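For reference, the structure is listed below as structure tokens.
We use all heavy atoms of the structure for the numbers below, so side chains are in, but hydrogens, waters and symmetry mates are not. First the proteins, then the strands, lettered A, B, ... as listed; each starts at 1. Given the structure is predicted, the values throughout are model-derived calculations rather than measurements.
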There are 2 protein chains.
Amino acid sequence: MQYPAPIAKLMEGFMKLPGIGPKTASRLAFYVLEMKEDDVLEFARSLVHAKRDLMYCSQCHHITDVDPCRICEDTSRDQTVICVVQDAKDVIAMEKMREYNGLYHVLHGAISPMDGIGPEDIYVAELIKRLQENENIQEVIIATNSTIEGEATAMYISRLMKPTGIKTTRIAHGLPIGGDLEYADEVTLSKALEGRREI
Amino acid sequence: MQYPAPIAKLMEGFMKLPGIGPKTASRLAFYVLEMKEDDVLEFARSLVHAKRDLMYCSQCHHITDVDPCRICEDTSRDQTVICVVQDAKDVIAMEKMREYNGLYHVLHGAISPMDGIGPEDIYVAELIKRLQENENIQEVIIATNSTIEGEATAMYISRLMKPTGIKTTRIAHGLPIGGDLEYADEVTLSKALEGRREI
């Protein structure tokens with residue numbers, strides 16, 4: 001016997017989460033014992049609630065508790081632009097910016113032949129179908145990550161979209177704000193130079 | 001709207017835990033959405049279970065799911081020695097060592113006038129009472145931390161125990177194994193010198 005069974009069990013639960021090893025799990029588990037019972041119950045309920053009540057929006061595939069999601073339903077938003085992102089978290093990052101007012105499409109991944117992820121494993125077909133069914137769309141902004149996979153996905157989608165004639169754009173690459181030229185890597189620098197604009 | 005409500009709620013729950021800020025909370029919450037439902041339910045149940053079913057042992061005040069705890073109940077252990085520690089976690093550290101086979105007494109804190117914690121706020125009186133009621137005890141090992149508070153508590157207990165005539169010992173201070181003399185602080189070094197033994 002080392003830990004009493006309920007603590008060992010709770011530690012196991014914590015250790016299933018990313019970045020939590022035995023030491024952190026033990027610290028968290030002991031902390032839970034000191035928490036108010038109401039807070040613990042609330043936390044336990046929110047775990048189950050989040051897992052059970054969230055789904056993907058049938059239109060944009062963003063996570064949501066109502067279908068269609070609040071962004072798709074919001075008629076005050078610009079219905080002519082769709083921003084394509086890899087992840088639900090990316091939608092939240094975009095929304096935090098408070099400058100984009102169009103719709104989204106979440107791919108839930110990126111094409112990565114190395115990991116055996118092809119176009120059929122992410123929501124690309126759904127995007128094309130959505131564009132065919134909705135004649136309002138005038139621009140598709142591809143905001144996948146600046147990684148090899150993200151770039152490959154952007155390229156693939158832009159090629160698929162050529163026949164539709166809809167304007168397709170890619171977010172800019174370059175030096176991040178606050179970034180130092182001295183410490184920028186060559187690829188970023190080359191992209192920044194390539195994307196230069198008149199001022 | 002940024003996060004759907006169930007996610008925001010779950011993030012709030014995670015953020016109540018120590019060392020978890022908004023970024024980690026968001027990462028963990030999104031991870032939970034990808035977990036198997038059974039695992040999430042199991043985790044939620046273990047939270048409630050740990051909080052509700054654990055209590056302090058009426059004898060040694062270690063956390064336990066049965067009273068008296070498994071250590072106090074274990075007749076194969078040496079019933080003549082009590083090791084006094086600050087925390088339930090210290091019992092687990094001692095048990096991991098697998099060399100100590102006596103009983104424990106958990107104080108749940110240390111005397112700290114700075115924080116307004118006096119002897120009456122920790123389980124000192126219970127220790128003395130336990131020693132008076134149990135005539136088998138031959139030695140009390142004080143294994144509080146090597147901090148000012150731990151030392152003050154050790155001193156206080158040893159003085160209280162003088163009249164009982166029971167042998168009272170304090171765990172050794174000195175250089176940790178693998179420690180470098182060069183990097184040891186003066187107090188540790190002075191304690192190591194003071195506690196030197198013939199070899």
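When all heavy atoms are compared, the tightest approach of B/K89 to A/S26 is CD-OG, 4.4 Å. Closest of all the heavy-atom pairs between B/S46 and A/K9 is CB-CG, 3.8 Å. Annotation for B/D65 and A/P6: closest pair OD2-CD, 3.5 Å, computed over non-hydrogen atoms. Closest approach of B/A50 and A/L33 over heavy atoms only: O-CD2, 3.5 Å. Here the closest heavy-atom approach between residue A/E34 and residue B/K51 is recorded as C-NZ, 4.1 Å.
When heavy atoms are compared at a cutoff of 4.5 Å, B/A29 does not approach chain A at all. Both the backbone and the side chain of B/M35 come within less than 4.5 Å of a heavy atom of chain A. Of the two parts of B/E42, only the side chain, counted from C-beta on, holds a non-hydrogen atom closer than 4.5 Å to a non-hydrogen atom of chain A. Contacts between B/L54 and chain A at a heavy-atom distance below 4.5 Å involve the side chain alone, from C-beta outward. Looking at B/R45, there are no atoms closer than 4.5 Å to chain A (heavy atoms on both sides), in backbone or side chain.
Hydrophobic cluster membership differs between A/V91 and A/V140, with clusters built from Ile, Leu, Val, Met, Phe, Trp and Tyr side chains linked at under 4.5 angstrom. Connection of B/M97 to B/V106 is established within a shared hydrophobic cluster, with ILVMFWY side chains joined at heavy-atom distances below 4.5 Å, either directly or through further cluster members. A/Y104 and A/L107 are members of different hydrophobic clusters when ILVMFWY side chains are connected at heavy-atom separations under 4.5 Å. Note on A/Y31 and B/I20: same hydrophobic cluster, where clusters join Ile, Leu, Val, Met, Phe, Trp and Tyr whose side-chain heavy atoms are under 4.5 Å apart, directly or indirectly. Hydrophobic clustering keeps A/V48 apart from B/F14 (ILVMFWY residues linked when any side-chain heavy atoms are closer than 4.5 Å, directly or through intermediates).
Summarising the local packing, CD of A/E37 is surrounded by more than 12 heavy atoms from other residues, nucleotides or ligands at distances under 6.0 Å. More than 12 heavy-atom neighbours from other residues, nucleotides or ligands sit within 6.0 angstrom of CD on A/E120. Annotation: B/I148, atom CD1; neighbour count of heavy atoms from other residues, nucleotides and ligands within 6.0 Å does not exceed 12. Atom CE of B/M114 has 12 or fewer heavy atoms from other residues, nucleotides or ligands within 6.0 Å. The environment of B/L189 atom CG is dense: over 12 non-hydrogen atoms of other residues, nucleotides or ligands sit within 6.0 angstrom.
Side-chain contact check for B/L47 versus A/L47: some heavy-atom pair is nearer than 4.5 Å. In this structure, the side chains of A/F30 and B/D87 stay at 4.5 Å or more apart for every pair of heavy atoms.
Most heavy-atom pairs under 4.5 Å with chain A: of the set B/D53, B/I63, B/T24, this distinction falls to B/I63. Interface summary for chain A: among B/V66, B/T64, B/L41, the most heavy-atom pairs under 4.5 angstrom belong to B/L41. When each of B/V32, B/D74, B/L10, B/I7 is checked for heavy-atom pairs under 4.5 Å with chain A, B/L10 comes out on top.
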